[in-house]
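See below for the structure under consideration.
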Amino acid sequence: MKLDTEDDNYSYSDYNYNQVKIDGKIKDITKDYLLEKSIKEPINKKYKISKIRIGKGAFGNILYGLDHLGNKYAIKLIKKIKIINGQLLLNEVKIGKKVNHPHILKIKEVYEDRKNILFVMDYIEGGSLFDYIISSPEGKLDTYTSIDIIIQILEALDYLHNKVKICHRDIKPENILVTIKENKPFIKLIDFGMAHEIKKGEKLKGKLGTTIYMAPEILKRLPYNEKVDIWSAGVLLFNMETGCEPFSTENEDIKIYQILNLSIDFNVIENEDIRNLCKDLMEKNPNKRIDSKNALIKARKIKKKILG
């Protein structure tokens, strides 16, 4: 397969510079290899890659691949000439290879040639959480399914926040894959293109993510921590329970105003326990917002109560 084609079934923007900084070093993306530990041999020696796009991440498109034994893989293709922030790319590689959790999609191998970087990941049958919600009979999920999925998401976040000290920063339905195991939804969190490892006492900066899932402190341009992921999980729970976003407008400026200034109508969530959990997750003051560990404890208790 020819990977350096400029076939733009893909929606990329063009940039007029060819240098990125990685770990403090300037590299020319048209001449240098960017990643020290990437595999430099051609990927098609091991994998056959289709140009059918099965997904899109923050910095690349996800393609369908097979190894020579017929095993399925997802291949994330990133064109070097489209890379803006080399450090974010390096973070994604480091974090994607480091994480090891049943609800997180791990990067298995990283290939690199002069024009492309390719991540090899497990192929997950199914689609995104977004697709799963909108394809449900009422355009929303039943109470048991909602709490079951949010528990899986919180398990992934608890691992990230407390075990490996990582803030994802782009939690949204498109970054949650849903497959069916034993007749129940099983999720995988994907795309660490905006993720960041958190050192003790460190606060993060930068307006990253998708507006409707951004915590108020990000929109205010304040320093923030991993609790921004908790806010995003609350928006997901609200969406699963109601089929709607907590703030609905296509205008970005109005959306930001609503998130920062308007109260959320949690009463549209019928189950009182889930309503209260959603309130805890979407507490606008990050100092009062519940953390992943306690949110997970609370969610498991709700599931147990629903089961009777």
Side-chain angles (χ1 to χ4, degrees), residues 1-13 15 20 22 29 33-67 71-101 103-131 156 160 166 168-179 187-196 208-210:
M1 174 189 172
K2 188 178 179 182
L3 292 174
D4 56 12
T5 177
E6 287 302 320
D7 161 26
D8 273 330
N9 291 321
Y10 315 139
S11 55
Y12 288 111
S13 299
Y15 302 92
V20 295
I22 297 182
I29 59 179
Y33 283 107
L34 304 185
L35 306 174
E36 292 181 3
K37 295 183 179 180
S38 58
I39 300 170
K40 306 302 191 293
E41 66 182 29
I43 191 172
N44 54 14
K45 284 188 175 181
K46 187 172 180 180
Y47 301 97
K48 181 179 180 180
I49 306 175
S50 166
K51 290 172 71 173
I52 298 173
R53 192 175 80 179
I54 58 175
K56 183 172 183 177
F59 301 113
N61 292 281
I62 316 297
L63 308 177
Y64 178 76
L66 293 170
D67 67 12
N71 298 310
K72 300 176 182 179
Y73 292 91
I75 313 289
K76 183 171 182 177
L77 168 63
I78 301 171
K79 295 182 181 181
K80 290 185 181 180
I81 60 171
K82 309 301 180 181
I83 295 171
I84 305 172
N85 190 321
Q87 197 59 47
L88 285 180
L89 171 68
L90 184 61
N91 289 346
E92 180 172 14
V93 173
K94 286 181 176 179
I95 292 169
K97 295 188 77 171
K98 176 181 180 180
V99 293
N100 187 17
H101 188 274
H103 293 303
I104 299 175
L105 191 63
K106 184 181 179 68
I107 295 176
K108 303 174 76 69
E109 294 178 315
V110 179
Y111 284 79
E112 182 176 3
D113 58 36
R114 290 297 184 187
K115 294 189 177 183
N116 307 287
I117 292 173
L118 303 104
F119 301 159
V120 180
M121 303 170 289
D122 287 329
Y123 177 76
I124 306 299
E125 298 281 357
S128 70
L129 179 58
F130 176 83
D131 297 325
L160 290 175
I166 290 168
H168 187 278
R169 296 201 289 188
D170 197 21
I171 302 294
K172 59 183 179 181
E174 293 84 354
N175 284 341
I176 309 286
L177 297 181
V178 181
T179 189
I187 71 100
K188 289 272 190 180
L189 177 61
I190 66 170
D191 199 346
F192 285 80
M194 297 185 189
H196 196 286
L208 300 175
T210 303

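The residues of the chain are indexed from 1 along the displayed sequence.
The two residues Ile83 and Val20 have their closest heavy-atom pair at O-CG1, 3.8 Å. In plain terms, the two heavy atoms of Leu35 and Glu112 that are nearest each other are N-OE1, 3.1 Å. Pro173 approaches Ser128 most closely through the heavy-atom pair O-CB, 3.6 Å. When all heavy atoms of Ile54 and Ala74 are compared, the pair lying nearest together is CD1-CB, 4.3 Å. Taking every heavy atom of both residues into account, Ala156 and Leu189 meet most closely at CB-CD2, 4.4 Å. Residues Ile166 and Ala195 share a closest heavy-atom pair of CG2-CB, 4.1 Å.
Taken from CG in Asn91 to CD1 in Ile22, the straight-line distance is 10.0 Å, to the nearest 0.5 Å. Taking CG of Leu208 as the start and CZ of Arg169 as the end, the distance is 4.5 Å to the nearest 0.5 Å. Distance CG/Leu105 to CZ/Phe119: 11.5 Å, rounded to 0.5 Å. From Asp122, atom CG reaches atom NZ of Lys188 across 6.5 Å, with rounding to the nearest 0.5 Å. A distance of 8.0 Å separates NZ of Lys80 from CG of Asn116, quoted to the nearest 0.5 Å. Interatomic distance, Leu89 CG to Ile78 CD1, rounded to the nearest 0.5 Å: 5.0 Å.
For Glu174, the side-chain contact (heavy atoms from CB on, under 4.5 Å) test picks out Phe130, Lys172, with sequence neighbours left out. Taking His103 as the reference, His101, Phe186 meet the ring-ring contact (aromatic ring centres under 6.0 Å, His included) condition, with sequence neighbours excluded. With sequence neighbours left out, Lys46 forms a salt bridge (Lys or Arg N to Asp or Glu O under 4.0 Å) with Glu109.
Looking at Asn44, Leu118, Leu77 one by one, the single match for side-chain contact (heavy atoms from CB on, under 4.5 Å) with Ile49 turns out to be Leu118. Remark: of the listed residues Lys79, Arg53, Lys51, Arg53 is the sole one forming a side-chain hydrogen bond (donor to acceptor under 3.5 Å, both in side chains) with Asn61.
Other residues, nucleotides and ligands place no more than 12 heavy atoms under 6.0 Å from the CD atom of Glu36. Other residues, nucleotides and ligands contribute at most 12 non-hydrogen atoms within 6.0 Å of the NZ atom of Lys37.
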Check the pair Val99, Leu160 against side-chain contact (heavy atoms from CB on, under 4.5 Å), reporting the backbone distance first and the verdict last. CA-CA 8 Å; Val99 293; Leu160 290 175; 3.9 Å; yes
Can you check side-chain contact (heavy atoms from CB on, under 4.5 Å) on Arg114 and Tyr33, steps first, answer last? CA-CA 7 Å; Arg114 290 297 184 187; Tyr33 283 107; 3.5 Å; yes
Passes side-chain contact (heavy atoms from CB on, under 4.5 Å), Ile190 versus Met121? Steps please. CA-CA 10 Å; Ile190 66 170; Met121 303 170 289; over 6 Å; no
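Using a 4.5 Å heavy-atom threshold, the side chains of Ile117 and Val110 count as touching. Annotation: side chain of Phe192 is in contact with side chain of Ile104 (closest heavy-atom distance under 4.5 Å). Looking at Ile43 and Val120, their side chains come closer than 4.5 Å, going by heavy atoms from C-beta outward.
With Lys40 contributing its side chain and Ser38 its backbone, the two residues share a donor-acceptor pair below 3.5 Å. Formation of a donor-acceptor pair under 3.5 Å by the Asp170 side chain with backbone atoms of Asp191 is not found in this model. Between the side chain of Lys106 and the main chain of Lys97, a donor-acceptor pair closer than 3.5 Å is present.
A cation-pi geometry, defined here as NZ or CZ lying under 6.0 Å from the six-membered ring centre and within 45° of its normal, does not hold between Lys108 and Tyr73.
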